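Working notes, structure below.
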Amino acid sequence: MEKEILNLIESSSRILIITHVNPDGDTLGCASALKTYIGTKADILIQIKDNFNFPNTYSFLPHINNSKNLSNLNDEYDLIIAIDTASKDRIIDKAKNIFEKCQNTIVIDHHKTNSGFGKINYIKGGISSTGEVLFDLFEKLNIEISPDMAKGLYSAILTDTGCFKYESVTNHTFSIASKLSNIINTSEIADLCYTNKPKNLILFQNYLVSNAVFCLNDKIAYTLITKEIIEKYNAKDEYTEGICETLRSISGVEIALVLKETNNGVKVSIRTKEIDATIIAGKFNGGGHKRAAGCTIKEKINTACDILLKEAKALV
Ligand code: 5GP
Ligand code: MN
């Protein structure tokens with residue numbers, strides 16, 4: 001299958017790399033590395049309507065600053081590659097339309113719940129990150145990893161493994177990190193990912209952690225992000241990243257939930273310790289990984305919270 005992917009990339013004249021909605025370090029790092037490899041005939045799509053929600057944290061990654069968004073996207077592509085995208089629902093609006101119409105599509109991913117919605121599906125469920133999957137793909141194809149490609153791949157792996165903390169991290173993950181550390185300065189990348197945050201992001205996150213609700217002897221912790229609070233802190237989408245992990249990091253908490261009010265329903269983040277988070281996400285057509293999953297509930301935030309808590313309480 002690797003050769004098939006390479007042939008398709010080489011024979012296509014216009015390629016679009018699609019990152020998933022609410023882009024994180026994994027999808028953006030991989031898109032950056034892939035675009036660096038493919039060159040000028042590839043574009044990256046970040047699914048934002050305007051530049052307010054541009055993911056600034058990752059703007060240090062090569063080419064991310066010059067990505068397409070939903071307002072300047074056209075349909076001139078003969079190959080689309082969806083990267084780190086767990087399901088077709090993580091591609092929205094116009095982009096989904098273009099994806100469905102495109103003659104050739106490739107899905108590169110690591111979500112176990114990904115059913116494979118591309119023409120070619122390169123999905124390695126359970127691997128630490130799409131960064132790891134992509135690194136292996138490059139290696140199998142004897143493609144040399146340049147410093148710019150290494151930046152993206154390392155950022156992808158670092159952020160999606162919670163800095164090499166999660167159980168999906170294996171000996172192989174470390175061996176890739178070791179190879180990448182011969183090409184780039186890894187602590188510099190970690191600083192760019194983690195010690196360069198806007199002040200408002202920290203204040204916003206502190207507010208949400210301070211206002212968290214604990215139930216069932218602290219086994220469940222949740223916090224609600226209303227539109228009001230988003231406005232108060234002028235919070236971008238990326239400001240939400242990490243809050244759910246903070247709640248989970250509390251001793252005794254088995255399930256952490258973050259509910260965020262959006263124009264298309266309530267976006268839910270689920271983080272767990274032992275419990276399978278995809279069981280809860282799956283009740284609402286979502287998915288993800290055992291300890292990190294998500295879904296969207298098309299209800300008002302308080303109703304969404306009630307029905308979500310019912311599912312969570314049934315598992316602890
Ligand atoms: P997050 O809470 O950071 O948005 O997502 C956590 C994990 O769950 C990620 O791996 C993400 O891909 C997955 N995920 C989040 N929301 C959804 C969703 O609505 N559908 C599916 N299938 N996966 C999701
Ligand atoms: Mn990922």
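Read the numbers this way: they start at 1 and go in the same order the structure lists the ligands and their atoms. Here the structure is a predicted model, which means the values were calculated and not measured.
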Within less than 2.8 Å of the Mn ion (ligand 2), any N, O or S from Asp26? yes
In terms of side-chain geometry, is the basic nitrogen of Lys96 or Asp89 positioned less than 4.0 Å from the acidic oxygen of its partner? yes
Got a sec: is His111 within less than 2.8 Å of the Mn ion (ligand 2) via an N/O/S atom? no
For ligand 1, list the protein residues that place a heavy atom within a distance below 4.0 Å of one of its atoms, sorted by chain and number. Ala86, Ser87, Arg90, His111, Lys267, Ser269, Arg271, Gly286, Gly287, Gly288, His289, Ala292, Ala293, Gly294, Cys295
Closer than 4.0 angstrom, basic N to acidic O: yes or no for Lys124 and Asp136? no
With the Mn ion (ligand 2) at the center, what angle do OD2 from Asp160 and OD1 from Asp84 span, rounded to 10 degrees? 160°
Cation-aromatic face contact Lys179/Phe135, 6.0 Å, 45 degrees: no
Do the side chains of Glu100 and Lys88 get close enough for a salt bridge, i.e. N-O under 4.0 angstrom? yes
Would you check, one step at a time, whether the test side chain to side chain contact (heavy atoms under 4.5 Å, CB included) holds for Leu34 with Ile38? CA-CA 6 Å; Leu34 202 51; Ile38 298 173; 4.1 Å; yes
Would you tabulate the side-chain donor-acceptor contacts of residues 189-199 under 3.5 Å, counting partners in other chains and residues two or more places apart, or write 'none'?
residue : atom : partner : partner atom : Å
Asp191  : OD1  : Thr195  : OG1          : 3.4
Thr195  : OG1  : Asp191  : O            : 3.0

Carboxylate-amine/guanidinium proximity below 4.0 Å for Lys219 and Glu254: no
